[in-house]
Amino acid sequence: MSQAVHTIQLAGTDQSFFCAENDTLLRAALRSGIAFPYECNVGSCGNCKFELLEGVMASCWPEAPGLSDKDRARNRGLGCQSRPTGPLQIKLRTSDKYAPQFPPVRTSAKFIASRVITHDLSEFTFQTESPLPFLSGQYALIQMDSIAGPRAYSMSNVGMFSGETQAGNLIEFQVRRVPGGHGSAHLFDHLKPGAVVEIDGPYGMAYLRESVERDILCIAGGSGLAPMISIARGAFSSPRMAGRKLSFFYGARALQDVCGLDMLQTLPNWQDRGTYQAVVSGATEADTLLDGYLRGFAHDAVAQTFGERLQQMEIYFAGPALMGQSLLKTLIDLKVPMDQVHFDQFY
Ligand SMILES: Cc1cc2nc3c(=O)[nH]c(=O)nc-3n(C[C@H](O)[C@H](O)[C@H](O)COP(=O)(O)OP(=O)(O)OC[C@H]3O[C@@H](n4cnc5c(N)ncnc54)[C@H](O)[C@@H]3O)c2cc1C
Ligand code: FES
């Protein structure tokens, strides 16, 4: 059934965009090329806040943690959770860095197959009805039947390169089963090959910078494997990046969680250009299987391995919030310029 579409005017500017009643302000703005600031797209980070000046809107998730009671009292909303019910005027400070390289596409997708990676991490392959162009490192939203709200998952396959115009229809995600989690349980336990979901993407700012001439450091923790594998695949497939070296660190809690190396070893010239280091935080002195692995945390391991050489690297990371915070502190302490550091926080 077709949905009513409304005009959203950005106060104090000549910018406006159309938003359907079943879309969100953030996603519709990005589809129109408007640089609406955001990060998670799932109501948690609060980066997509705006102020409603005129009109009436609805919220997909009124209790979303990204909005405080004070925000609500001040007529603020989250772009990623707000739907129009009529024309709106909103106050928003756009920022060029959020201008989408590829406007997000909303398409149905068929679940093809899954593949086990570790005891709690699997890869899920979908075929989208419409091509979905993305850059390596970006994520998409999956809306599953019977699950309230979409879930954000990063693509693990290689994205588009500069100059490429033809996007593919196959899309892969690597998802960790979260204890008690509704969306991940649905993927692991209920989705059967042939089932149809809605996929909306691409989103995210932590994509591969092809034109930067620095060596690359990828740091993945836990469920952050997918975007880092996509970045590595992109770096080893892009003709513009042929001279670049790549170091890949994987932070795991236990030995059974370590993964990723088999995927990297299939990349052309991995032996010459790539190195892989697993870092296990829960390992004890008694663990005898730690051959080649480091004990401890990924942020300490990269600081000890590279020290101030991190200042000359292009750094991408993904994983749990705690890892991200520790890593950022380490990089700031080592005076790494922040425009060389790329991440989308997982929530
Ligand atoms: C940018 C980004 C990229 C990510 N990439 C990956 C990845 O590659 N692999 C991976 O395993 N995980 C990834 N995640 C985490 C993933 O999106 C889920 O949070 C995780 O799988 C847990 O989901 P769940 O449904 O199992 O748990 P639940 O606890 O059921 O749900 C948690 C998530 O759902 C949202 N949510 C909960 N209730 C509602 C509601 N009523 N309406 C709307 N939203 C709701 C929350 O914001 C939260 O994101 C990513 C997260 C982000 C933000
Ligand atoms: S809360 Fe909307 S982008 Fe994070």
Side-chain angles (χ1 to χ4, degrees), residues 24-30 35-50 58-68 71 76-83 92 95 98 104 114 117-118 120-124 126 134 136-157 171-191 197 199-207 218 220-231 257 259-260 316-321 323-324 342-347:
T24 67
L25 298 190
L26 169 65
R27 296 194 241 160
L30 295 170
F36 199 133
Y38 73 105
E39 188 175 351
C40 72
N41 229 317
V42 289
S44 295
C45 70
N47 284 355
C48 62
K49 273 181 213 167
F50 68 92
S59 174
C60 310
W61 188 17
E63 307 80 30
L67 205 62
S68 65
D71 289 324
R76 291 193 185 131
L78 293 174
C80 69
Q81 302 299 325
S82 301
R83 294 185 290 110
L92 169 76
S95 167
Y98 295 98
S114 66
I117 300 175
T118 68
D120 67 354
L121 197 66
S122 285
E123 186 171 87
F124 297 84
F126 291 86
F134 67 94
S136 297
Q138 289 192 295
Y139 70 92
L141 300 169
I142 309 185
Q143 181 65 63
M144 293 167 269
D145 274 352
S146 73
I147 303 293
R151 296 295 185 267
Y153 291 112
S154 308
M155 279 67 86
S156 55
N157 51 327
I171 201 159
E172 289 168 4
F173 303 102
Q174 294 169 346
V175 178
R176 191 172 85 85
R177 181 195 280 278
V178 174
H182 297 98
S184 56
H186 188 82
L187 282 170
F188 276 85
D189 301 332
H190 301 295
L191 209 64
V197 298
I199 295 188
D200 187 346
Y203 296 101
M205 248 50 65
Y207 51 82
C218 291
S223 58
L225 181 70
M228 297 301 104
I229 288 289
S230 178
I231 293 273
D257 302 323
C259 57
Y316 301 86
F317 69 82
M323 179 195 103
H342 312 285
F343 62 99
D344 288 314
Q345 187 76 61
F346 281 19
Y347 291 91

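Note that ligands are numbered from 1 as they come in the structure, with each ligand's atoms numbered from 1 the same way. Index from 1, following the sequence.
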Next item on the list: Mark up the atoms of ligand 1 that fall under 4.0 Å of a heavy atom belonging to Ser184, in ascending order.
Entry: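 Result: 24 (P), 25 (O), 26 (O).
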Next item on the list: Give the numbers and elements of all ligand 1 atoms closer than 4.0 Å to a heavy atom of Val175.
Entry: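 Those atoms are 11 (O).
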Check: Between Phe124 and Phe188, is a ring pair (Phe, Tyr, Trp, His ring centres under 6.0 Å) present by the stated rule, with each step listed?
Finding: CA-CA 9 Å; Phe124 297 84; Phe188 276 85; 5.2 Å; yes
To check your reading of the model: name the closest protein heavy atom to [atom], its residue, and the distance in Å.
atom                    : value
atom 48 (C) of ligand 1 : Tyr347 O, 4.3 Å
atom 11 (O) of ligand 1 : Arg176 N, 2.9 Å
atom 38 (N) of ligand 1 : Trp61 CZ2, 3.6 Å
atom 22 (C) of ligand 1 : Val178 CG2, 3.7 Å
atom 17 (O) of ligand 1 : Ala152 O, 2.6 Å
atom 27 (O) of ligand 1 : Gly181 CA, 3.3 Å
atom 1 (S) of ligand 2  : Gly46 N, 3.2 Å
atom 6 (C) of ligand 1  : Phe346 CE2, 3.3 Å
atom 2 (Fe) of ligand 2 : Cys48 SG, 2.3 Å

Notebook entry, point to check: Got a salt bridge between Arg177 and Asp120, using NZ or NE/NH1/NH2 to carboxylate O under 4.0 Å?
Noted result: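 No, this pair does not count.
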Hey, what do you get for [atom1] ([X]) to [atom2] ([Y]), rounding to the nearest 0.5 Å?
X      : Y      : atom1 : atom2 : value
Leu26  : Leu92  : CG    : CG    : 9.5 Å
Asn157 : Glu172 : CG    : CD    : 4.5 Å
Cys60  : Arg83  : SG    : CZ    : 5.0 Å
Asp200 : Asn41  : CG    : CG    : 7.5 Å
His182 : Ser146 : NE2   : OG    : 10.0 Å
Ile199 : Met155 : CD1   : CE    : 8.5 Å

Checklist line | Nearest neighbour of atom 7 (C) of ligand 1 from the list Ser223, Gly224, Pro62, Ala226, on a heavy-atom basis | finding: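 It is Ser223 that holds the nearest heavy atom.
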Item checked: Option set Leu78, Asp344, Asn41, criterion heavy-atom distance to atom 3 (S) of ligand 2, minimum ->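 It is Asn41 that holds the nearest heavy atom.
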Next item on the list: Using a 4.0 Å heavy-atom cut-off, say whether Glu39 meets ligand 2 through its side chain, its backbone, both or neither.
Entry: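 For Glu39, the contact with ligand 2 is made by the backbone alone.
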Notebook entry, point to check: Between Ser44 and ligand 2, which residue portion shows a heavy-atom distance shorter than 4.0 Å: side chain, backbone, both, or neither?
Noted result: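 Just the backbone.
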Item checked: Steps toward side-chain contact (heavy atoms from CB on, under 4.5 Å) verdict (Leu141, Arg27) -> CA-CA 11 Å; Leu141 300 169; Arg27 296 194 241 160; 3.6 Å; yes
Next item on the list: Measure the distances from the heavy atoms of Gly79 to every atom of ligand 2 and state whether one is below 4.0 angstrom.
Entry: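 Contact check Gly79 vs ligand 2: negative.
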Notebook entry, point to check: What do you reckon, are the aromatic ring centroids of Tyr139 and Phe173 less than 6.0 Å apart?
Noted result: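 Distance test on ring centres: not under 6.0 Å, no.
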Next item on the list: Could you see which bit of Gln174 sits under 4.0 Å from ligand 1, with heavy atoms only: side chain, backbone, both or neither?
Entry: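 Backbone only.
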Check: Where do Gly43 and Gln81 come nearest, in terms of heavy atoms and distance?
Finding: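 Shortest heavy-atom contact: N-NE2, 3.2 Å.
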Taking N or O atoms only and a 3.5 Å limit, does [X] qualify as a polar contact for ligand 1?
X      : value
Gly183 : yes
Tyr153 : yes
His182 : yes
Ser154 : yes
Val42  : yes
Arg151 : yes

Note to self: Tell me whether ligand 1 is touched by Gln345 - counting only heavy atoms on the residue side and a distance under 4.0 Å.
What the structure shows: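 Checking ligand 1 against Gln345, which is what was asked, there is a heavy-atom contact under 4.0 Å.
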Item checked: Ser44 to ligand 1, any heavy atom closer than 4.0 Å ->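 The answer is yes, since Ser44 has a heavy atom less than 4.0 Å from ligand 1.
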Margin query: Taking N, O or S atoms only and a limit of 2.8 Å, check whether Cys45 reaches atom 2 (Fe) of ligand 2.
Written below: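 For Cys45, the answer is no, given that no N, O or S atom comes within less than 2.8 Å of atom 2 (Fe) of ligand 2.
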Flag side-chain contact, heavy atom, 4.5 Å: [X] against [Y]:
X      : Y      : value
Ser184 : Tyr153 : yes
Tyr207 : Pro202 : no
Glu123 : Ser156 : yes

Margin query: Does the plane of the ring in Tyr98 sit parallel, tilted or perpendicular to the ring in Tyr38? Use 30° and 60° as the thresholds.
Written below: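 Tyr98 vs Tyr38 ring planes: tilted.
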Check: When you look at Val197 and Leu191, which way does the side-chain contact (heavy atoms from CB on, under 4.5 Å) test go after all the steps?
Finding: CA-CA 9 Å; Val197 298; Leu191 209 64; 4.1 Å; yes
Check: Strictly under 2.8 Å, is any N, O or S atom of Cys40 next to atom 4 (Fe) of ligand 2?
Finding: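 Yes - counting backbone and side chain alike, Cys40 has an N, O or S atom under 2.8 Å.
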Margin query: Out of all atoms in ligand 2, which are within 4.0 Å of some heavy atom of Gly43? Include the element for each.
Written below: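 Within the 4.0 Å cut-off of Gly43, ligand 2 contributes 1 (S).
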